[in-house]
Amino acid sequence: MESGGALAGLHRNPTFHHLLRPPRTAVNNLLSSSSSTYKRHFSPLPLKFQKQSHFASYSYNCSINDGSTFQVAYSASATHSLANIDWDNLAFGVMPTDYMYSMKCSQDGNFSKGELQRFGNIELSPASGILNYGQGLFEGLKAYKRHDGNILLFRPEENALRMKMGAERICMPSPSVEQFVEAVKATVLANERWIPPPGKGSLYIRPLLMGSGAILGVAPAPEYTFLIYVSPVGNYFKEGMAPINLVIETEMHRATPGGTGGVKTIGNYAAVLKAQSAAKAKGYSDVLYLDSVNKRYLEEVPSCNGFIVKGNLIATPAIKGTILPGITRKSIIDVALSQGFQVEERQVSVDELLDADEVFCTGTAVVVSPVGSITHLGKRVSYGSDGVGRVSKQLYSTLTSLQMGLATDNMNWTVALK
């Protein structure tokens, strides 16, 4: 166990003669608060919050069901809390961290109090609903570290609302917005030492909702698990803010009217892997999908929403059940309107796309990614001299400044944890 880490680990209680390990129920709802002092707690177990100067850290004394106690501490100083990894070469991938969050729901539809557990593999029945019938959703959001040590989340309640919408579509109960947000806060703080330094990346947060109960017939699962894990990440596309190159897929489709293209269900992503793999093998960054009915209107890239720019007009495909309602998409629309752009949510044809002044994509992972070229039926169209348009650069700068706490948040979108 690393000394001086954000989670300094488990400390021996002087009233016990054995070294405590973190059982599955050890850390129960470590933190629940919307204030910087964290005076409000929602854990059913007694939780004592204190400042200990000899640790130079905040620590939580938590009672366990067997009556014993242990202490989890994380450093208040970013200098001492960083994990020992190469922050300058951070990729977008899974990196095992310290803790994950788990909460279950039985047939009554109510989620129990959650708990933080050591990050690791989970146990599932071979007959679980997620393994047999794909009954699962996921979300994605990020935490950023500011230069003053503060930690910021970006619109986490929007992710909670989107999960509730998706859960209803595929017959699952979901955590309340408050349960979702508090679980995210607890998981981020428990893994604080994995949050990259300012300007080096972000902590990607992956909430999962799955049918974990065993079911043989095609029906909703009898039990559900809400899980959150995190990983420090760099840029989603290896190009970073440099332009990406897309190819329009004309044979396969991501979603159909009446399907589940508008919710973040796990099945949406397995369906795009074949076309995506073929595109990347040819040197493209990703695939751009068209609608499945007319085969001429822009839908989305699997990981992000698309926008076109023509003069002062910004257009993006309307949300009509086949396109994921991206939270970054929604935010960029509001930012663009506040900066005087005309924004339209409507059908966007391939012809408009290829005739645009610039094209960019938005998403939690990519934030704002300029498109350098689009290839359609063998014809390649490039945008600008370097592919990074003025509008996409301006919107990227505005949004990331808000997310990272570099600009005043007049939108009230960020949530400060410290």
Side-chain angles (χ1 to χ4, degrees), residues 2 4-8 27 29-42 47 49 51 55-60 72-85 87 90 95 97-101 114 116 119 139-160 177-207 228-234 327-328 331 364-365 367 399-409 411-418:
E2 299 178 32
L7 280 170
V27 190
N29 284 345
L30 178 62
L31 180 64
S32 171
S33 174
S34 57
S35 69
S36 59
T37 53
Y38 305 121
K39 294 180 179 178
R40 180 174 59 87
H41 301 288
F42 70 102
L47 210 62
F49 177 66
K51 179 78 176 290
F55 281 155
S57 66
Y58 295 106
S59 65
Y60 298 89
V72 179
Y74 65 95
S75 171
S77 170
T79 304
H80 301 295
S81 66
L82 290 178
N84 185 25
I85 62 178
W87 299 107
L90 196 57
M95 185 176 295
T97 52
D98 293 323
Y99 285 91
M100 61 185 186
Y101 186 96
L116 285 163
F119 179 89
E139 278 297 324
L141 60 159
K142 291 178 177 178
Y144 293 89
K145 178 68 71 72
R146 287 185 9 163
H147 287 283
D148 62 3
N150 211 334
I151 301 167
L152 297 180
L153 300 176
F154 185 72
R155 310 190 76 175
E157 71 287 344
E158 292 288 338
N159 294 91
V177 172
E178 182 181 19
Q179 284 177 315
F180 182 103
V181 173
E182 298 299 340
V184 167
K185 290 179 181 179
T187 311
V188 169
L189 286 171
N191 292 286
E192 183 181 354
R193 72 190 185 101
W194 297 94
I195 305 176
K200 301 293 185 180
S202 59
L203 187 72
Y204 190 85
I205 307 159
R206 173 55 57 84
I228 303 176
Y229 68 91
V230 298
S231 179
V233 297
I327 294 160
T328 308
S331 303
T364 297
V367 189
L399 188 64
T400 54
S401 293
L402 284 172
Q403 291 175 328
M404 298 177 187
L406 301 175
T408 302
D409 179 15
M411 302 285 195
N412 293 318
W413 284 343
T414 55
V415 176
L417 301 192
K418 289 180 63 181

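What you see is a predicted model; the values in this text were computed from it and never measured.
Note that CD of E158 is 11.0 Å distant from OG1 of T364, once rounded to the nearest 0.5 Å. Annotation: the span from R155 atom CZ to L402 atom CG amounts to 10.5 Å, rounded to 0.5 Å. F180 CZ to N159 CG: the interatomic distance, rounded to the nearest 0.5 Å, is 5.0 Å. The structure places OH of Y144 at 10.5 Å from CG of L406, a figure rounded to the nearest 0.5 Å. Here D98 contributes atom CG and R193 contributes atom CZ; the two are 4.0 Å apart, rounded to the nearest 0.5 Å.
Closest heavy-atom contact between A143 and V188: CB-CG1, 4.0 Å. Closest non-hydrogen pair, L82 versus I195, comes out as CD2-O, 3.6 Å. Looking at every heavy atom in both residues, A183 comes nearest to T187 through O-OG1, 2.7 Å. Counting all heavy atoms, side chain and backbone alike, S331 lies closest to L399 at CB-CD1, 4.1 Å. Closest heavy-atom contact between L116 and A190: CD1-CB, 3.9 Å. Counting all heavy atoms, side chain and backbone alike, P196 lies closest to K145 at O-CB, 3.5 Å.
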Worksheet item: Checking side-chain contact (heavy atoms from CB on, under 4.5 Å) for the pair K142/F154: CA distance, chi angles, key distance, verdict?
Response: CA-CA 7 Å; K142 291 178 177 178; F154 185 72; over 6 Å; no
Discussion item. Show, in sequence, the C-alpha distance, side-chain angles and deciding distance for I85 and M95, and conclude whether the side-chain contact (heavy atoms from CB on, under 4.5 Å) test is met.
Written reply: CA-CA 10 Å; I85 62 178; M95 185 176 295; 3.5 Å; yes
Discussion item. Would V184 and L141 count as a side-chain contact (heavy atoms from CB on, under 4.5 Å) here? Give the steps.
Written reply: CA-CA 9 Å; V184 167; L141 60 159; 4.1 Å; yes
Practice prompt. For the pair V233 and S202, evaluate side-chain contact (heavy atoms from CB on, under 4.5 Å) and give the outcome as yes or no after the intermediate values.
Written response: CA-CA 6 Å; V233 297; S202 59; 3.6 Å; yes
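Judged by distance alone, the side chain of D409 and the main-chain N or O of N412 form a donor-acceptor pair under 3.5 Å. With N150 contributing its side chain and R146 its backbone, the two residues share no donor-acceptor pair below 3.5 Å.
Y204 pairs by the ring-ring contact (aromatic ring centres under 6.0 Å, His included) definition with F92, not counting sequence neighbours. Legend: residues meeting salt bridge (Lys or Arg N to Asp or Glu O under 4.0 Å) with E139, ordered by chain and number and at least two apart, are R162. The salt bridge (Lys or Arg N to Asp or Glu O under 4.0 Å) check on R206 picks up nothing, with sequence neighbours excluded.
Side-chain atoms of L203 and S231, non-hydrogen and from C-beta on, never get closer than 4.5 Å to each other. Here the side chains of I151 and E192 are in contact, with some heavy-atom distance below 4.5 Å. Annotation: side chain of Q403 is in contact with side chain of V367 (closest heavy-atom distance under 4.5 Å). No side-chain heavy atom of Y99 sits less than 4.5 Å from a side-chain heavy atom of V230. Taking 4.5 Å as the limit, some side-chain heavy atom of P232 sits within range of a side-chain heavy atom of T97.
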